[in-house]
Structures are given as C-alpha cells and as structure tokens.
2 protein chains.
Amino acid sequence: MPTPARTSLDEIVAAGREILDAEGLDGLTMDRVARAVGVRGPSLYKRVRDRGELIHLIANAAALELGDLVGEAATTGDASRSLRAMVDALRAFARAKPSSYGLLFDRLPDTWRPDRPIVERVVAPLFRTVAVLAGPERELEAARTVVAWARGFIEMELADAFQLGGSIEDAYEFGIERLIAAIATSAPCRVGG
Amino acid sequence: MPTPARTSLDEIVAAGREILDAEGLDGLTMDRVARAVGVRGPSLYKRVRDRGELIHLIANAAALELGDLVGEAATTGDASRSLRAMVDALRAFARAKPSSYGLLFDRLPDTWRPDRPIVERVVAPLFRTVAVLAGPERELEAARTVVAWARGFIEMELADAFQLGGSIEDAYEFGIERLIAAIATSAPCRVGG
DNA sequence: ACCTGAACACCGTTCAAGT
DNA sequence: ACCTGAACACCGTTCAAGT
C-alpha cells in the first residue's frame with residue numbers, strides 16, 4: 001500500500017547544509033539529518049546512495065552559493081578593485097561558513113567534491129579579471145598564483161595558524177596588494193590604491 | 001606478577017608514522033598500530049591517553065623532520081635562492097609524505113596539532129630569510145604572504161585542484177618568482193634570474 | 001606491571017517486516 | 001512506495017580477568 005513521502009531530497013540537502021554549518025562535518029550524521037526532516041536514519045537511503053552522495057549534493061549547493069557571491073563581487077569598477085572584491089567575497093564566505101568552505105576546498109574523498117562545472121563557475125569570473133591584469137599569455141599562471149595565495153591565507157586564518165602576533169588584517173592588505181601588483185604585466189611596482 | 005613490556009612509546013609512534021604515510025589518517029586505527037608493534041588495541045592505552053594523543057606525537061615527529069629539511073635547505077647562497085630552496089623543501093616533503101604534511105597543516109582538532117615551539121622551529125629560518133628580503137618592518141606580513149601562497153599552492157597540488165590544464169611547474173615557477181620579487185623592499189620588479 | 005578478550009558506544013548501512 | 005526497528009560492521013575505549 002503506497003505511503004505518501006514525508007520528506008524530499010531538497011529538504012534533506014537543505015537540512016544537511018544547516019547541520020554542516022552549525023555542527024561541522026563530523027556532526028553531519030545520517031541520523032542527525034534524518035531526524036531534522038522527521039524520519040529515521042535508514043529512510044535517507046531511499047533518496048541518497050550513501051552519506052558521501054549527500055555530502056556531494058551539499059557541496060554542490062555550497063559551490064553554487066559561493067559562485068553567486070563571487071560573481072556579484074566581480075561587477076565593480078576596474079580590474080584590480082574587482083579582483084580584490086572577489087577575494088574579499090571568498091574570504092567572507094569562509095569566515096561565515098567555515099565548514100561549507102572546507103567542504104569545497106579541503107582535501108576530501110573525490111566523490112564528495114562538487115561537480116567540476118559548478119566549481120568552474122566559481123573561478124571563471126576570477127580568471128577573467130586576472131586575464132585583464134596579467135595579459136592572456138600568463139593568465140593561467142597568474143590566476144593560480146592569486147588563488148593559491150588566497151586559499152593559503154584563508155586556510156591559515158581558519159586554522160588559527162597566525163600564531164606570531166601582529167595584525168592579520170595588515171597581512172591580508174599587504175598580501176592582496178603585493179599579489180595584484182606582482183601579477184600585473186610589467187608591473188610598475190606601485191603598491192597601494 | 002610484573003610482565004616485561006613488549007613495546008614502547010617510541011616504537012608505537014614510529015609504527016604510527018609509517019602507517020600514516022602508507023595508508024592515510026583514516027588507516028591509522030588503534031588496532032592497526034597495535035598489531036604493527038605486536039600487541040592488541042587496548043594495550044596502547046597503557047602508553048597514550050587516546051588516539052588523539054598518538055596523532056599529536058606523530059605530528060611532533062613529522063614537524064621535527066620537516067624542520068630539519070627546511071633548515072638544511074636554508075643554508076645555500078643569497079636570500080632569494082635560500083627562500084626558494086626552503087619552499088622547494090616544503091613542497092618536496094608534501095609530495096613525499098602527503099599524509100604527514102596534512103597532519104601538520106590541515107585543519108584538525110587542536111589537540112592533534114604539533115606543539116607550537118616545534119612548529120616555530122620550522123618557520124623560523126623562513127622568517128629570517130624573508131626579513132633579509134623584505135626588511136624588518138614588513139617581515140611578518142611578507143613571511144605570511146609567502147607562506148600563504150606556498151601552503152595554498154601545495155594544498156591545491158595535493159588536492160589535484162589544478163583542473164584547467166596548463167603546466168603546474170610553470171605556475172609554480174611563476175608564483176615563486178613573482179612572490180619573491182613582490183615582497184622585496186621597493187622591488188625593481190625584475191622577474192626571473 | 002602489562003596484556004587480553006569481552007563489552008559498550010557510536011555511526012554507516014542493510015533488510016525484513018510494517019503500513 | 002515509503003518508513004522503521006533490529007541487526008551487523010567498524011572503530012575507539014573501558015575494564016575485569018589473566019600472567
């Protein structure tokens with residue numbers, strides 16, 4: 001005898017995202033998610049193959065959100081300002097939702113990672129802006145340099161790895177300004193804005 | 001009736017390091033380590049409080065090894081070359097022992113992290129060299145910029161995050177050269193060398 | 001003193017039985 | 001069709017009992 005569904009995949013993913021951000025990836029247990037949507041753990045397996053697939057769907061949703069935020073940040077004036085705004089947006093997302101950020105960028109099982117096209121939508125506006133600054137021949141290397149710095153800085157900030165005192169904001173300002181100057185074609189080494 | 005010990009803390013930590021590098025952090029189970037030293041899982045609790053403490057001791061050992069490697073790399077000629085060699089050493093360690101590297105730099109529970117003095121021994125030679133290049137006023141910001149880039153680049157390399165083609169070596173060369181130029185005091189923006 | 005098997009907690013997962 | 005309790009596997013941890 002058919003029974004009406006008590007939940008849905010969308011509801012499960014939405015609940016999973018909230019639990020991830022509130023309690024971290026370790027807190028994202030199948031039973032925890034199930035009870036949040038009003039069923040028991042085993043019922044989730046009607047909608048997802050396993051926990052990894054649920055995490056993958058949550059990662060896709062987080063990547064889409066981040067892509068929107070970065071895309072919106074990119075719409076401002078000149079290329080330097082635009083790049084700065086995009087990195088600011090990435091950093092703000094990491095601080096607001098560190099567990100979601102970690103799900104997108106930490107080393108985790110491949111099957112958990114968001115789909116590649118969705119990730120490319122996040123970095124595409126960044127690459128476009130870097131191309132303006134660095135010139136098309138060095139676009140790839142320049143973008144990778146900026147992204148590597150941004151990811152490393154954010155990772156260290158989240159991990160509380162800046163242990164030697166000093167101002168983290170000063171380090172961020174110094175880093176982003178020097179990076180932007182450093183990737184510019186025949187950069188005149190003017191620092192600051 | 002006293003029984004002679006069948007293993008030791010040193011042997012347990014050494015076995016743990018091998019298992020970590022061969023099978024990853026998830027493979028580092030208490031029973032796996034115990035059997036490697038000839039006892040059963042529960043016996044380890046005579047020597048470590050819990051799995052976290054064992055991981056912490058393994059992290060300390062890995063940090064000491066990495067500190068030696070970075071320190072040795074630092075002894076070459078001028079400051080630019082020395083800094084380049086140290087970052088190369090860091091990258092080589094990450095590639096040779098990605099799980100050990102991850103244990104030192106990934107976001108993990110605080111109690112698992114290596115002791116701060118041991119970590120400071122790793123970065124100290126790097127800071128000294130950066131101070132020569134960037135000048136003492138900007139030493140901290142400059143060191144953080146280089147370390148953030150290096151960590152981000154290595155993280156992306158380990159995570160196989162360079163998905164858009166192109167040469168990863170080219171990106172590394174581009175990054176390290178531009179970074180070193182960018183942190184130098186009133187850098188003349190000469191690239192290469 | 002040190003070591004072990006049995007036991008428990010926790011969590012992912014399966015499945016037979018309910019509706 | 002969907003949901004559930006019971007059950008199992010796996011792993012960290014405790015502990016009473018062995019030597």
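Just so we're on the same page: letters track the sequence lines, and every chain starts at 1.
Considering only side-chain N and O atoms, B/Arg51 lies under 4.0 angstrom from the phosphate OP1 or OP2 of D/dG12. The side chain of A/Arg47 contributes an N or O atom lying less than 4.0 Å from OP1 or OP2 of D/dC3. Residue B/Arg32 places no side-chain N or O under 4.0 Å from the OP1 or OP2 atom of D/dC11. Dashed line: the shortest gap from a side-chain N or O of A/Arg40 to OP1 or OP2 of D/dG5 is under 4.0 Å.
One finds no salt bridge joining A/Glu157 and B/Arg144 here, because no Lys/Arg side-chain nitrogen approaches an Asp/Glu carboxylate oxygen to under 4.0 Å. A salt bridge does not link B/Arg91 to B/Asp88: none of the charged side-chain nitrogens sits closer than 4.0 Å to a carboxylate oxygen. Between A/Glu141 and B/Arg178, no side-chain nitrogen of the basic residue sits less than 4.0 Å from a carboxylate oxygen of the acidic one, so the salt-bridge criterion is not met.
Using a 4.0 Å heavy-atom distance criterion, B/Ser43 is classed as a base contact.
Across the protein-nucleic acid pair, A/Asp26 atom CG and C/dG12 atom C1' stand 14 Å apart, rounded to whole Å. Atom CD1 in B/Ile19 sits about 14 Å away from atom C1' in D/dC11, given to the nearest Å. A straight line from CG of B/Leu54 to C1' of D/dG12 spans 12 Å, rounded to a whole angstrom. For the pair B/Leu44 CG and D/dC11 P, the computed distance is 14 Å after rounding to whole Å. We find that NZ of B/Lys46 is positioned 16 Å from P of D/dT13, with the value rounded to whole Å. Distance, A/Ile12 CD1 to D/dC2 C1': 12 Å, rounded to whole Å. Going from atom OH of A/Tyr45 over to atom C1' of D/dG5 covers 15 Å, rounded to whole Å. Between the CZ atom of A/Arg6 and the C1' atom of C/dG18 there is a distance of 11 Å, rounded to whole Å.
Applying the 3.5 Å distance criterion, the base of C/dT19 shares a donor-acceptor pair with the side chain of A/Thr3.
If you take CZ on B/Phe174 and CD1 on A/Ile183, they are separated by 6.5 Å, rounding to the nearest 0.5 Å. The line from CD1 of B/Ile154 to OH of B/Tyr172 is 7.0 Å long, rounded to the nearest 0.5 Å.
When both distances must be under 3.5 Å, the Watson-Crick or G-U wobble mate of C/dA7 is D/dT13. Pair assignment for C/dG18: D/dC2, on the basis of Watson-Crick or G-U wobble contacts that are both within less than 3.5 Å.
Distances were taken from every side-chain heavy atom of A/Asp50 (C-beta onward) to each of C/dT4, D/dC2, C/dT13; the shortest belongs to C/dT13. Relative to the side chain of A/Pro42, the nucleotides D/dG12, C/dC15, C/dC3 differ in distance, and C/dC15 lies closest.
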